[in-house]
Amino acid sequence: MKTTHIFLAAICLAAVAEAQAANPVSVHAVLDPPQIALGEESRLKLVINAPSDAENICVPRVQGLELTYIGAGRSSRMSIVNGVTSSESSFTHSYSVTALQTGEFTIPMFIVRVDGKLYQSDPMTLRVLSSSAQAAAPLLSSVPSATAPAKVDSRLAFVQLIIPKEKLYVGEKTLIQVKAYFLAGQRATYAPPSVDTDAFAVSDFNEQPSKTQETVQGSSYTVLTWNSALTAIKAGRYPVDVKLNCVVLLNRRRSGLLDDSNSLFFNDPFFHRPSLLSSFFSNVEQRELQLTSQQQWVEAAPLPEVGKPAQFSGAVGHFQIQTSARPTQVNLGDPVTLKIIVQGKGNFDRVTTVDAISSEGWKTYPPRAKFSPTDAVGYEGSKVLEQVFAPQKADLKTLPQIQLTYFDPETGRYETISASPIPISVTMASGVQPLPEATASSIAPSSPPSSVAPPQPEEPSSLKQTPPKEESRVVDFAPNKINLGRLEPTLKPIAWNNWFLAVQGGLLLALVVLSLAAGRQQGRANDPDHVRLSTANKNIKTQLELMAQAKDRNDAVAFFAAARRALQERLGEKWKMEPTVITIADVNERMETHHPTNAIFAMADSVVYAGKAGSDVSLEGWEDTVLKELKRLENES
Amino acid sequence: MKTHGMIMGIVVGSALGFAQTWAADLSGKTADLPKRPTANLSGRAATPSPELVRASKTFERGNQAFGESRYKDAIQSYKAILKEDGVFAHVLFNLANAQYRDGQIGEAILNLERARVLRPRDPDIVANLSVIRKAASLFPPKNEPWFKAASFLSWNEWAWLACGALGMVCFFTLLRVMQPSWSFAFFNFILILVWLSALASMAGLWTTRHRAVVTAKEATTRISPFETAAAAFPVQEGEVVTAQAVHENYILVSNRLGKIAWLPREQAEIIISSPSQTQ
């Protein structure tokens, strides 16, 4: 049985080999479709009928065409007819063909090496027509005439730049719109668009785009719309276009986009680059696109020199102003805050200040501005400027009248608008003398409110210059110091010096050492042996002093009483007993009979209790004996 | 016990002396060294140094110029004192007043802030700072509540208080070593608390050491430390910012709202730096 199987297998293998030998290698190329519009894509399939794939493929180059490799596939077929086995294998290599110009192109033959032999395909012809304008016609009708959609034939994705005005003045700001179209059903990631121009300033595309759905030429698109503003910064006629980098994930199975080569065309160098993702997942392809809109020419006209007011600060647009002041009743020198609200459309960044028509008698301070846009790009809104004025004269009736000069691009003229003067009442504070007219005018350009009192150097230095209560309350500005005060070596705090840190560290270290010493002292104070020893030493010292005094008086009784007490203190410390209860009996019991201590105790008892004559005793000798015995007992362990 | 009482007397006496100096600062009645020579330990009148005499004369000249509305001359005199003789809070104060009158808002606020570093409780300095800021529509720097407590004393006062408190603790501990029966636990506890408070206050003040005042009339912050970089947020003359880094001629500053940008060095001055170098 086994032998029969081996025999049949050998027959089949021989038949396959015979069939392969019978099937010659052939190579042919198919272009589908053979006719496309400019901007569209045709698919070229190179089919190699051979048992093994090509070792090398020489792709021809055609001026005006771009051939981009997409991928390869393999198919094989085996058939047995009347016992005759035949096998066919074919390898298909796909290329995307895009045209850079219209015309009729001949794609030369492909040369293929298979099993070491060279084969070639037949040449093909591709016709490229300029039908994009017609294809884009429905889309063009949906946008302003000034904005032509760029590459509308890029059906997968394309981008439009919409500029409502073809002519701007330098400094004029206008709203623009960028619309990115992505074929519905595809997923895409994108970076904010960028406008490539050095003649215009474009606001950032930081905000999230709005998302809508639109139908273009029968295809549904997801449209992302960014709003921004374009400001002309130099005169002349310049092109403007917008670029958008994005990555589109194509689902082949669902959309069939890759199979339908007529419906796709991407005029982009990155478009058909095979991605890693598509290598691993055959049904998903990731495509990086750089979409570029069609260039638009915008003319920036210079602002007219004729009729330009001297106070013109560059504001271009259309504005209105409103003013209010607080407080409107002030004392001389007190600040008044004038609130100026500038509303309208235009380049608010150039509305930095307003001009006072006449500020004579007023000290003015630079305004403080805050802009609150009502749109996302700062084209429209209101700017609030708060400017402080301080009256220098008491006869002022109104605040300085405010005016704003701007260029209106609609009328092409410079406009100056002014707010109505605000009435104000300036009163003289009690205790404050009005400044002479000449003084006020001379210091007006640079002086602060006149409330700063001058120094009084003639005042005795012992008294601090203190303004009167009333004036101090009204003016609220402290006068000069009249004495020099304390000298500081430097403004730098001493704590910033290294020596300060060293002092702190040294003190901390000393504290640690002292704390340890204090703890040790405390421990010794709580030790009963140490307390007994220190008490004994102290008492012995006292008794020795008494002993010496008794010797000088030749008082044997007092001498021996002190000597015995000194020995009792030492023995009490040694034997841990109360010293006063130690008698000669205790000494005899604990020490040798002929010990000097015994003799001293015996002698002391004789002299003190038995009345032995002191004159017979040499106190000098006994003192030495006592001292030696005390020393010996102290050193005794 | 007698010794114990004597020590307590020394401590209480020192505390009263400190309080007296403090009260003098509060009222502003500091000794006028050039005009009222004080007595030294030997009982003889101390002669003021030639530098102080010169500073006093220059100060009087500055005050006279101020009184005659010659503010630039006054500014010059005050700056000469700071440059040649040392730092005086009163000179900084008068200099700020003169600069304010001369329209130098930023410089005026800078010097008042410097004067406040030395005399944080001087009501004149605080009042004038407030008035100038109000007139110039400037917000005061954003301070935490603890900072107000820390600013009650100056840097140097906190430093001396820390040294004194720790020194007293050491002294009491030494006494305890010498006489274990004496107890200073309560005093030491209080002194340690004082010492820790001083350290904490100095740590709080340390966080404000990089504060600077915008002195340029038209200061421009940029997003990068280059002249060609785009402008960032606006800063006003006299505004207090915090310097965070330095790159060549630019300092990275943050304003009270926390916004960060680069500012040319010459457009702002660090508050705690030597005035003699910056004037």
Side-chain angles (χ1 to χ4, degrees), chain A residues 335 337 363 365-369 386-388 390 439 442-443 445-449 451-452 454-457 461-464 466 472 475-496 500 503-504 507-508 510-511 514-515 517-518 520-522 524-525, chain B residues 27-36 52 55-56 59-60 63-64 66-67 69 85-91 93-94 97 100-103 114 117-118 123-125 127-128 131 134-137 155-156 158-159 162-163 166-167 169-170 173-174 176-177 180-181 202 236-237 272-275:
Chain A
T337 302
K363 166 65 181 167
Y365 294 87
R368 200 168 171 199
E386 289 189 341
Q387 188 162 19
V388 174
T439 308
S442 64
I443 64 172
S446 60
S447 69
S451 52
V452 182
Q456 300 171 11
S461 60
S462 58
L463 296 175
K464 184 176 182 291
T466 307
S472 175
V475 175
D476 282 341
F477 200 94
N480 271 0
K481 306 283 186 184
I482 59 168
N483 57 45
L484 197 55
R486 193 169 57 212
L487 170 68
E488 306 282 347
T490 173
L491 197 63
K492 183 181 168 188
I494 58 169
W496 293 15
F500 176 80
V503 167
Q504 290 291 305
L507 286 172
L508 271 178
L511 182 61
L514 289 171
S515 298
R520 187 166 171 268
Q521 286 286 74
Q522 189 66 38
R524 291 174 67 182
Chain B
S27 62
K29 291 180 180 177
T30 50
D32 187 1
L33 290 175
K35 292 183 177 177
R36 306 176 68 198
L52 280 179
S56 180
F59 188 65
E60 286 181 2
N63 283 353
Q64 190 174 357
F66 189 103
S69 302
D85 303 313
V87 184
F88 297 85
H90 288 186
V91 175
F93 179 82
N94 286 10
N97 282 0
Y100 176 56
R101 287 204 153 207
D102 196 42
R114 284 176 171 167
V117 169
L118 302 174
D124 292 347
I125 296 172
N128 282 10
V131 169
K134 192 176 172 186
S137 302
W155 260 101
N156 287 353
W158 282 122
C163 280
L166 195 58
V169 172
C170 290
T173 311
L174 177 65
R176 180 73 191 277
V177 172
S181 61
M202 283 192 286
Q236 199 176 343
E237 184 188 11
I272 304 183
S273 62
S274 174

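First the proteins, then the strands, lettered A, B, ... as listed; each starts at 1. Note that the structure is a prediction, hence the values are computed from the model and not measured.
Taking each heavy atom of L487(A) and D85(B) in turn, the nearest pair found is CD1-O, 3.5 Å. Taking each heavy atom of W496(A) and I272(B) in turn, the nearest pair found is CH2-CG2, 3.6 Å. The heavy-atom pair separating F93(B) from P479(A) by the smallest distance is CE2-O, 3.0 Å. When all heavy atoms of L484(A) and F88(B) are compared, the pair lying nearest together is O-CD2, 3.4 Å. Closest approach of N128(B) and A478(A) over heavy atoms only: OD1-N, 2.6 Å. Residues E488(A) and N156(B) share a closest heavy-atom pair of OE1-ND2, 3.9 Å.
Atoms CE and CD, from M202(B) and Q504(A) in turn, are 6.0 Å apart once rounded to the nearest 0.5 Å. The CG atom of N97(B) lies 9.5 Å from the NZ atom of K481(A); values are rounded to the nearest 0.5 Å.
For L118(B), the part lying near chain A is the side chain, with the backbone staying farther off; criterion is any non-hydrogen pair under 4.5 Å.
When each of L508(A), L511(A), L507(A), L514(A) is paired with V169(B), the side chain to side chain contact (heavy atoms under 4.5 Å, CB included) condition holds for L511(A) and for no other.
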